[in-house]
Amino acid sequence: MSWLSKLLPRRPLPPDDVRNEGLDLAMDWGEQWLAPVQGRLRERHPSLSGVELDRIDDDCRGAMRLGHETVHGFVRDGEPALLPESLAPLLRAKFPWISDENVLRLFQQSLYYATKAGGPARDR
């Protein structure tokens, strides 16, 4: 981010964009793996209340849990056509805000967990 953009006020993102940003943060690897997103989102969006941040974190964890468990079931049951398009409608039935990019990333992460790590990731 440039020094000028730090001086200009940030326009609030639409709620779906903030949730997708939260989900993107929730799927981070490394030190932030499975860490709550409230603090990191608060840095980016100081106008969000604690209740809003908690709700976003809950939504993101729910989307990740559903994605991981669904893909794990697909792998366990030998789903012949294992594609992100198989996961998208199931996710969007409960989380209609999820972006195409996050569906793909969640699918890939879930497939990794299902095939390499032996099953869905568990919260800390």
Side-chain angles (χ1 to χ4, degrees):
M1 190 176 280
S2 76
W3 65 271
L4 182 57
S5 65
K6 291 180 182 178
L7 297 176
L8 299 174
R10 292 183 80 166
R11 283 190 226 151
L13 290 173
D16 288 355
D17 290 347
V18 175
R19 278 188 174 81
N20 275 295
E21 189 175 341
L23 182 55
D24 188 57
L25 291 171
M27 289 189 284
D28 275 351
W29 291 100
E31 290 182 26
Q32 299 296 334
W33 184 63
L34 295 179
V37 299
Q38 292 97 319
R40 291 174 284 161
L41 271 180
R42 181 178 289 118
E43 288 176 10
R44 296 176 182 202
H45 306 284
S47 64
L48 292 173
S49 72
V51 170
E52 290 171 313
L53 291 165
D54 289 344
R55 189 170 299 135
I56 291 168
D57 186 70
D58 288 345
D59 285 349
C60 295
R61 288 180 181 278
M64 287 175 46
R65 189 174 305 109
L66 179 60
H68 296 328
E69 290 172 357
T70 301
V71 172
H72 184 260
F74 287 163
V75 170
R76 182 191 61 233
D77 297 342
E79 177 71 30
L82 195 55
L83 300 169
E85 292 79 14
S86 307
L87 180 61
L90 300 171
L91 282 173
R92 289 203 172 106
K94 186 163 181 165
F95 304 101
W97 49 264
I98 193 167
S99 69
D100 290 341
E101 293 82 13
N102 274 338
V103 168
L104 177 61
R105 185 170 177 209
L106 183 53
F107 174 81
Q108 291 170 334
Q109 191 176 83
S110 299
L111 189 59
Y112 171 81
Y113 289 141
T115 59
K116 300 288 184 192
R122 300 286 178 218
D123 290 343
R124 287 183 182 175

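Side chains included, hydrogens not; waters and symmetry mates left out as well; all remaining heavy atoms used. Please read all numbers here as calculations on a predicted model, not as lab measurements.
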With no hydrogens and no angle check, is any side-chain donor or acceptor of Asp16 less than 3.5 Å from a backbone partner on Trp97? no

Nearest heavy-atom contact between Ala63 and Leu91 is O-CD2, 3.6 Å

Rounded distance [0.5 Å steps], CE in Met27 versus CD in Gln109: 6.0 Å

Do the ring planes of Trp29 and Tyr113 sit parallel (below 30°), tilted (30 to 60°) or perpendicular (above 60°)? tilted

Quick check: do Glu21 and Ile56 have side-chain heavy atoms less than 4.5 Å from each other? no

Can you tell me if Arg19 uses its side chain to pair, donor with acceptor, with the backbone of Phe95 under 3.5 Å? no

Atom of Arg40, atom of Asp28 and distance for their closest heavy-atom approach: NH1-OD2, 3.2 Å

Quick check: closest heavy atoms across Met64 and Ala26, and the distance to 0.1 Å? SD-CB, 3.4 Å

Nearest 0.5 angstrom please: Ser110 OG to Arg105 CZ, how far? 11.0 Å

What's the shortest heavy-atom distance between Pro84 and Leu104, and which atoms? CG-CD1, 3.6 Å

Using 0.5 Å steps for rounding, measure from the CZ atom of Phe74 to the CG atom of Leu111. 11.0 Å

Would you mind checking if Arg65 and Asp58 are paired as a salt bridge, meaning a charged N to carboxylate O distance below 4.0 Å? no

Got a salt bridge between Asp59 and Arg55, using NZ or NE/NH1/NH2 to carboxylate O under 4.0 Å? no

Worked verdict on Leu106 versus His68 for side-chain contact (heavy atoms from CB on, under 4.5 Å): CA-CA 8 Å; Leu106 183 53; His68 296 328; 3.7 Å; yes

Test Glu52 against His45 for side-chain hydrogen bond (donor to acceptor under 3.5 Å, both in side chains), laying out the working first. CA-CA 11 Å; Glu52 290 171 313; His45 306 284; over 6 Å; no

Nearest heavy-atom pair of Gln38 and Pro36: which atoms, and what distance? OE1-CB, 3.0 Å

Just by modelled atom types, is the Leu83 backbone N or O under 3.5 Å from a matching donor or acceptor in the Ser86 side chain? yes

Taking Asp24 for its side chain and Asn20 for its backbone only, find out whether a donor-acceptor pair lies under 3.5 Å. no

The reported gap from CG in Leu53 to CG in Leu48 (rounded to nearest 0.5 angstrom) is 5.0 Å

Please name the pair of heavy atoms, one in Leu25 and one in Arg44, separated by the smallest distance, quoted to 0.1 Å. CD2-NH2, 3.5 Å

